[in-house]
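Only this structure's heavy atoms are used, side chains among them; waters, hydrogens and symmetry mates stay out.
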Amino acid sequence: MSSTLRTIRQWSSWKKALFYFTVLTFLTSSFLFLTSPGGKIREWLAETVITTQHRSWAWIFVGAEQRDLMVKRLQDFNEEAAREKQDSSLIKIRDRQAKARSIDELIKVEDISGKFWKGKKMYVFDPKTIRVMTPPKPGEGERITSMVKRTGAVAGVNGGGFDDPEGLGNGFAAFGAIISGGEVIYTDQDGSIPQHIVGFTKEGILVVGKYNIFELRDMGISEAVSFHPRLIANGKPLITSGDGGWGRGPRTAVGQKADGTVIFIVIDGRQAHSVGATLREVQDLLLEEGCVNAGNLDGGASSELVVDGELLTKPSSRYGERRLPNAFLVYDDPTSVKADRVWDGIEKIDAGGSYDHPDFLREQAEKRAKQQQNPTPPPKAETDKTKTKTETKPETTKPAATKPETKETGKTGTGKGESVKPGGSGTKEPMTEKPPASGTGSTGSGTGTAEPGKPTGGQDNKPPTGTSPGSGALTPNGGASGQGGTETGTGHGNGTTGSDSSEGSGTAGGSGKGSTGTVPNSPAETSAPGTGSGTPPKTADKSAETNAPAATPTPQPNQTEAPGQSSSGTTVPPAKTP
């Protein structure tokens, strides 16, 4: 055992982390799937997921078959709870027709808490002051703080449900029915189809249950939204076993006492300071307050309470308040406001999502901006950089004595340390070395041969022939390149001997057109004007011809450029300075 522990201690940090994660996963899975308490926890987790818009994922905890059974059981409970008709005679509302009431006369807010949650409780003393409010423009819901400030409300809580793709919906695709001021503002069902309703009559009586539009009109419903389940019916609790089947989460609910006082409950959830409440806990809380009827409103990230324009709770949405299709607001004079009919004339409602959510899009734009400010160099760039460094590394010259005498023809192109002058003949002279010189110039190109041992500046026995382009350039490392028109000619041209650092020397001759070139390393930086084989010849003192390796030569400090060529096409040898 001790040897095993010593071995584990010697592992790297990532290997130990992987090992501990594997052990923890094994132990957790064994507890959840092989013990009775673990099974109850899995059911609770599945119930929590089922009440969200991601209920399909509940199979992870209990399997697909058990998930479907739980969903059906939940739906059956909702239908059963809504079946009993409401007895309005149990509510006796006192007449309160006073105007210009203060906030304290209209509402009262208190803190509430449980073992796993914290929240707010708001009393509304006159139920007739409550009105359902809708957004001011089509295509987008509205935050409750905005609703309260825009319409002059005293307070507000979230109301009915809506379609919310990815949790980033625009809050406009409402579920069920919306009634405000006695008018049906919105419904997604035919008027004859019963819907789950939470609303108030003109007299201020809370109605919770399942009714169609015609029944609601006959009952005198003035304000209503759609949600479920019903929690208390005619003084009786409807959740008598279990926790209600919804798990823990943020909750919003409404209940009414026998004297007409309305109580809104808003509980935070899915956060460190408050995990959330069960429906059973919410129901029992309203029962303790003496509520005769009560119903559950939309919860989750929509749960919030706003008083005097200030958000008092902490919504679980990562962007704070959500845009909502409706809300219950409290007014001193509710008859002075009217809900907008923003759904009129709209045949197809877009629920929105990540593609048009302003906060999400702004967040993504900020991430892209940070990536542009701190770009990560791609691997290819590193390779190119390394390659460039390798190519620009100066080469060292090799001892000339170890290289046999060879003949080379002139080249058109560039090479490391090459100073081949196209258009003439080149002779490899042993023990002749010259460091690479950088500069620019023009040259023609051609081919030719020279006999070994021919004196510098003399005439070749074999006239060189070839073609030379009209213009060219001397590359920084001494190579020559050219382009343009061609010019063909033969002749006994006087050539100047060129040499390179390691590849041999050549004799430049022939005819061609060239442009002015300069050698930056030359102190005078004289230019070679004109026409002819435009590569200005460069000279260097030869090292002693011995069999011993030659020392690395250095450029002559007073090296100058001679004029490129006379009109007859012969290259004038450069003057050598001692």
Side-chain angles (χ1 to χ4, degrees), residues 49-56 71-72 74-79 81-82 132-135 138-144 147 156-180 183-200 206-216 221 223-231 245-246 249-254 266 279 295-304 315 317 321-329 339-344 346-353 357:
V49 175
I50 286 172
T51 56
T52 69
Q53 297 195 38
H54 308 286
R55 62 172 52 183
S56 60
V71 170
K72 187 178 184 303
L74 186 63
Q75 292 173 344
D76 292 342
F77 169 76
N78 294 338
E79 295 299 319
V132 171
M133 187 52 57
T134 57
E140 182 180 4
E142 186 178 15
R143 294 174 176 86
I144 297 180
M147 283 187 182
V157 300
N158 60 291
F162 61 98
D163 189 10
D164 186 30
E166 308 172 86
L168 299 170
N170 56 30
F172 192 66
F175 286 154
I178 301 175
I179 300 176
S180 180
E183 297 182 10
V184 179
I185 304 296
Y186 171 83
T187 180
D188 59 3
Q189 300 290 338
D190 184 87
S192 62
I193 299 176
Q195 304 183 63
H196 290 280
I197 293 294
V198 180
F200 295 89
L206 175 64
V207 176
V208 184
K210 196 169 185 179
Y211 304 92
N212 62 39
I213 296 297
F214 304 113
E215 290 174 322
L216 294 174
I221 296 296
E223 318 297 322
V225 299
S226 287
F227 213 74
H228 54 77
R230 196 179 188 182
L231 301 176
W246 285 47
R251 304 288 178 220
T252 301
V254 58
V266 180
L279 289 185
N296 187 44
L297 294 171
D298 187 18
S302 299
S303 290
E304 59 178 287
S317 172
E321 282 189 87
R322 304 174 87 186
R323 297 171 292 176
L324 306 175
N326 55 66
F328 283 112
L329 304 188
D340 294 295
R341 302 182 62 90
V342 292
W343 288 275
D344 287 355
I346 298 178
E347 296 181 357
K348 185 177 181 181
I349 297 176
D350 182 8
H357 193 285

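Nearest heavy atom pair, residue P135 against residue P325, reads CD-O, 3.1 Å. Taking all atoms of both residues into account, the shortest heavy-atom contact from T134 to E142 is O-OE1, 4.0 Å. The nearest pair of heavy atoms linking R251 to S303 is C-OG, 3.4 Å. The shortest heavy-atom contact between M147 and A327 is SD-CB, 3.8 Å. The two residues P165 and G352 come nearest to each other via the heavy atoms CG-O, 3.3 Å.
The side-chain heavy atoms of V132 and F328, taken from C-beta on, include a pair separated by under 4.5 Å. Residues I179 and V184 meet the side-chain proximity criterion, which asks for heavy atoms closer than 4.5 Å. Counting only heavy atoms from C-beta outward, the side chains of R323 and R143 approach each other to under 4.5 Å. Counting heavy atoms from C-beta on, the side chains of F162 and I349 never come closer than 4.5 Å. A heavy-atom distance below 4.5 Å is found between the side chains of R341 and E183. For the pair E79/H196, a side-chain contact is recorded, criterion being any heavy-atom separation below 4.5 Å from C-beta on. Counting heavy atoms from C-beta outward, L324 and S302 have side chains that approach closer than 4.5 Å. The shortest distance between side-chain heavy atoms of D190 and I213 does not fall below 4.5 Å.
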**Request:** Dump the intermediate steps for side-chain contact (heavy atoms from CB on, under 4.5 Å) on N158 and I144, then the final yes or no.
**Result:** CA-CA 7 Å; N158 60 291; I144 297 180; 4.0 Å; yes
Practice task
Apply the test side-chain contact (heavy atoms from CB on, under 4.5 Å) to residues I197 and S226: give CA-CA distance (whole Å), side-chain angles for both, the deciding distance (0.1 Å), then the verdict.
Solution key: CA-CA 5 Å; I197 293 294; S226 287; 3.8 Å; yes
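In this structure, E321 has no salt bridge (Lys or Arg N to Asp or Glu O under 4.0 Å) partners at least two apart in sequence or on a different chain. The side chain to side chain contact (heavy atoms under 4.5 Å, CB included) check on A253 picks up L231, V282, L286, N296, with sequence neighbours excluded.
For R230 (side chain) and A81 (main-chain N/O), a donor-acceptor pair under 3.5 Å exists by modelled atom type. In terms of modelled atom types and a separation under 3.5 Å, the side chain of S180 and the main chain of M133 share no donor-acceptor contact. No donor-acceptor pair closer than 3.5 Å links the side chain of D340 to the backbone N or O of V342. Side-chain N or O atoms of W343 include none that pairs as donor or acceptor with a backbone N or O of T187 at under 3.5 Å. Side chain of D188 to backbone of F175: no donor-acceptor contact under 3.5 angstrom is found.
Separation of atoms OH (Y211) and CD1 (I221) is listed at 8.0 Å; rounding is to 0.5 Å. Annotation: the span from L206 atom CG to E223 atom CD amounts to 12.5 Å, rounded to 0.5 Å. Note that CD of Q189 is 11.5 Å distant from CG of N212, once rounded to the nearest 0.5 Å. Here the CG atom belonging to D298 is positioned 10.0 Å from the NE2 atom belonging to H228, to the nearest 0.5 angstrom.
Classified by interplanar angle (parallel below 30°, tilted 30° to 60°, perpendicular above 60°), the ring pair F227/W246 is perpendicular.
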